[in-house]
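As a basis for the values below, the full set of heavy atoms in this structure was taken, side chains included, without hydrogen atoms, waters or symmetry mates. A quick note: this is a predicted structure, and the numbers were derived from the prediction, not measured.
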Amino acid sequence: MGARRVNTAVTSRQALLAASRAVARRQGLDGLSIRAVAAEAEVSVGSVYNYFSGKAELMAATVEEIWGQILSAPEAEPPEDFVSCVHGLFRRIRTGAGEYPGFFRGHAAGFLPEGRAGGRQAMEETLGQLRRMLLRALEADRAASPAAFDDCFTREQLAAFVLDSLLGQLSRGADSCGGLEQVLRRLLYR
């Protein structure tokens, strides 16, 4: 059996991120390293360092890519109302993250001390995108009772609460968000 040939030619950032997702898919985020990505992409370790300053930056970019993949997954049907949107989002995230072992645990705690700020920033951008998506769906739901909201409890607060609840359930490995859906139906459709 011959040694694996390493391509020393420069590659692209996108090719390295594809290799990084492949490593994360097989080994989880815990298995992600500069060396593992270089081996997967069949390039030198130095080629990876041309695009990423270290493991923390690679991890943050990989997590961002995985979220992008999850969020761009097409929905079977457009949601009828806010609760259907929440249900669909839960399913999309659960299915997408299921391709990557330990995705939630890994990206919540996996950033090295020197890369935590960048990791937190990337994660906050993704969470902001999810909150805005939920808020748009809530604002578009004509059946939702306006009486459910006031100055003390806004649509923005509900969208943030729903996202926190979804992520908490997903990180615990929940199979559904049925309890949250029931709470939302009782709050919004009275």
Original post:
Can you tell which of Arg21, Arg26, Arg35, Arg25 makes a salt bridge (charged side-chain N to carboxylate O under 4.0 Å, His left out) with Glu40?
Top reply: Arg26
Original post:
Considering all heavy atoms of both residues, which atom of Ala24 and which atom of Ile66 are nearest to each other, and what is their separation?
Top reply: CB-CD1, 4.4 Å
Original post:
Would Leu135 and Met133 show up in the same hydrophobic cluster when neighbours are defined by side-chain heavy atoms closer than 4.5 Å?
Top reply: no
**OP:** Drop me the distance from Phe90's CZ to Leu180's CG, to the nearest 0.5 angstrom.
**Re:** 9.5 Å
Subject >> Approximate separation, where rounding is to 0.5 Å, of Leu184 CG and Asp81 CG >> reply: 9.5 Å
Original post:
Taking Leu58 as the fixed residue, which of Val37, Val23, Val63, Leu16 is the one that meets the side chain to side chain contact (heavy atoms under 4.5 Å, CB included) rule?
Top reply: Val37
Original post:
Which value, rounded to the nearest 0.5 Å, describes the distance between Leu130 atom CG and Trp67 atom CH2?
Top reply: 5.5 Å
Subject >> Reported CG-to-CG distance for the pair Asp164 and Leu167, which is rounded to 0.5 angstrom >> reply: 7.0 Å
Original post:
Rounded to the nearest 0.5 Å, how far apart are OG1 of Thr62 and CG of Leu32?
Top reply: 4.5 Å
Original post:
Backbone N or O of Ser176 within a donor-acceptor pair of the Arg94 side chain at under 3.5 Å?
Top reply: no
Original post:
So do the side chains of Tyr100 and Gln69 get within less than 4.5 Å of each other, counting heavy atoms only?
Top reply: yes
**OP:** In sequence, state the C-alpha distance, the side-chain angles, and the governing distance for Leu138 and Val162, and then conclude on side-chain contact (heavy atoms from CB on, under 4.5 Å).
**Re:** CA-CA 11 Å; Leu138 181 57; Val162 167; over 6 Å; no
**OP:** Give the minimum heavy-atom separation between Ala15 and Ser12, together with the two atoms involved.
**Re:** N-OG, 3.0 Å
**OP:** Quick one: sort the Phe153 and Phe149 rings into parallel, tilted or perpendicular, breaks at 30° and 60°.
**Re:** parallel
**OP:** Say whether, by atom type as modelled, one donor and one acceptor occur between the side chain of Arg132 and the main chain of Gly128 under 3.5 angstrom.
**Re:** yes
Original post:
Any sub-3.5 Å donor-acceptor pair from Thr95's side-chain atoms to Arg92's backbone N or O?
Top reply: no
Original post:
Are Ile93 and Leu89 close enough that some pair of their side-chain heavy atoms sits under 4.5 Å apart?
Top reply: yes
Subject >> salt bridge (charged side-chain N to carboxylate O under 4.0 Å, His left out) evaluation trace for Arg131 with Glu124 >> reply: CA-CA 10 Å; Arg131 277 190 296 273; Glu124 196 50 47; 2.5 Å; yes
Original post:
Can a donor-acceptor pair be found between the side chains of Ser84 and Glu80 at a distance below 3.5 Å?
Top reply: no
Original post:
Do Val183 and Tyr189 belong together in a cluster built from hydrophobic side chains that touch within less than 4.5 Å?
Top reply: no
**OP:** Answer yes or no: does atom CZ of Arg190 have more than 12 heavy-atom neighbours from other residues, nucleotides or ligands under 6.0 Å?
**Re:** yes
Original post:
Leu134 and Cys85: which non-hydrogen atoms are nearest, and at how many Å?
Top reply: CD2-SG, 4.4 Å
**OP:** For the residue pair Arg13 and Phe52, establish whether any side-chain heavy-atom pair is separated by less than 4.5 Å.
**Re:** yes
**OP:** Rounded to the nearest 0.5 Å, what's the gap from OH on Tyr49 to CD1 on Ile34? Could you check?
**Re:** 4.5 Å
